[in-house]
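Everything below concerns the one structure shown next.
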Amino acid sequence: MDLTLAWVHIGVMYFSGFCGAVGKEVLLSSANLVDLRDGPHGFELHYSCHCGQPGVVYPSVGAIGRCGEPACV
Ligand SMILES: [Zn+2]
C-alpha cells in the first residue's frame with residue numbers, strides 16, 4: 001500500500017494509515033493531526049486514529065501510518 005498524501009486547495013491535508021482496530025487502511029485528515037516532528041527517520045506526522053489509538057506516519061520514507069503499536073520503520 002502506498003502512502004496517500006494529498007493537499008487540496010483549501011489547505012486540508014488527507015493521509016491514510018492502517019488501523020489495527022478495523023484491520024484496514026483508513027482516511028485521516030488534518031483534524032486527526034496531533035503533532036509534527038523531525039525525528040531520526042525524518043519528518044514525523046503524529047496522529048490520533050479514529051479508534052482512539054495514536055499513530056505515526058513517516059512521509060519521507062514512504063511508510064504507511066499504523067495506529068496502536070510502536071512505529072517500526
Ligand atoms: Zn486505529
Side-chain angles (χ1 to χ4, degrees):
M1 287 186 286
D2 293 328
L3 172 70
T4 302
L5 193 60
W7 296 84
V8 295
H9 68 284
I10 55 173
V12 178
M13 188 184 72
Y14 291 96
F15 58 97
S16 57
F18 185 85
C19 179
V22 297
K24 64 178 182 179
E25 201 174 331
V26 295
L27 184 67
L28 301 147
S29 76
S30 52
N32 298 96
L33 262 182
V34 173
D35 199 8
L36 296 171
R37 298 180 197 168
D38 199 14
H41 300 295
F43 178 62
E44 299 178 357
L45 193 158
H46 294 249
Y47 66 93
S48 177
C49 187
H50 298 302
C51 69
Q53 295 287 326
V56 186
V57 174
Y58 301 91
S60 59
V61 293
I64 188 170
R66 187 182 179 96
C67 75
E69 62 184 49
C72 171
V73 186

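Order of listing sets the numbers, starting from 1, for every ligand and every atom in it. All heavy atoms count here, side chains included; hydrogens, waters and symmetry mates do not. What you see is a predicted model, and the numbers here were worked out from it, not measured in a lab. For reference, positions follow the sequence shown, starting with 1.
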Linked, directly or transitively: Val26 and Val34 (ILVMFWY side chains, under 4.5 Å): no
Angle subtended at the Zn ion (ligand 1) by SG of Cys49 and SG of Cys19, nearest 10°: 110°
Smallest separation among heavy atoms of Arg66 and Tyr47, with atom names: N-OH, 3.2 Å
Minimum heavy-atom distance between Cys19 and Cys67, given as atom pair plus value: CA-SG, 3.7 Å
Residue His50, metal the Zn ion (ligand 1), N/O/S under 2.8 Å: no
Criterion side chain to side chain contact (heavy atoms under 4.5 Å, CB included) against Leu45, the qualifying member of Val56, Leu28, Asn32, Leu33: Leu33
SG (Cys51) to the Zn ion (ligand 1) to SG (Cys67) angle, given to the nearest 10 degrees: 100°
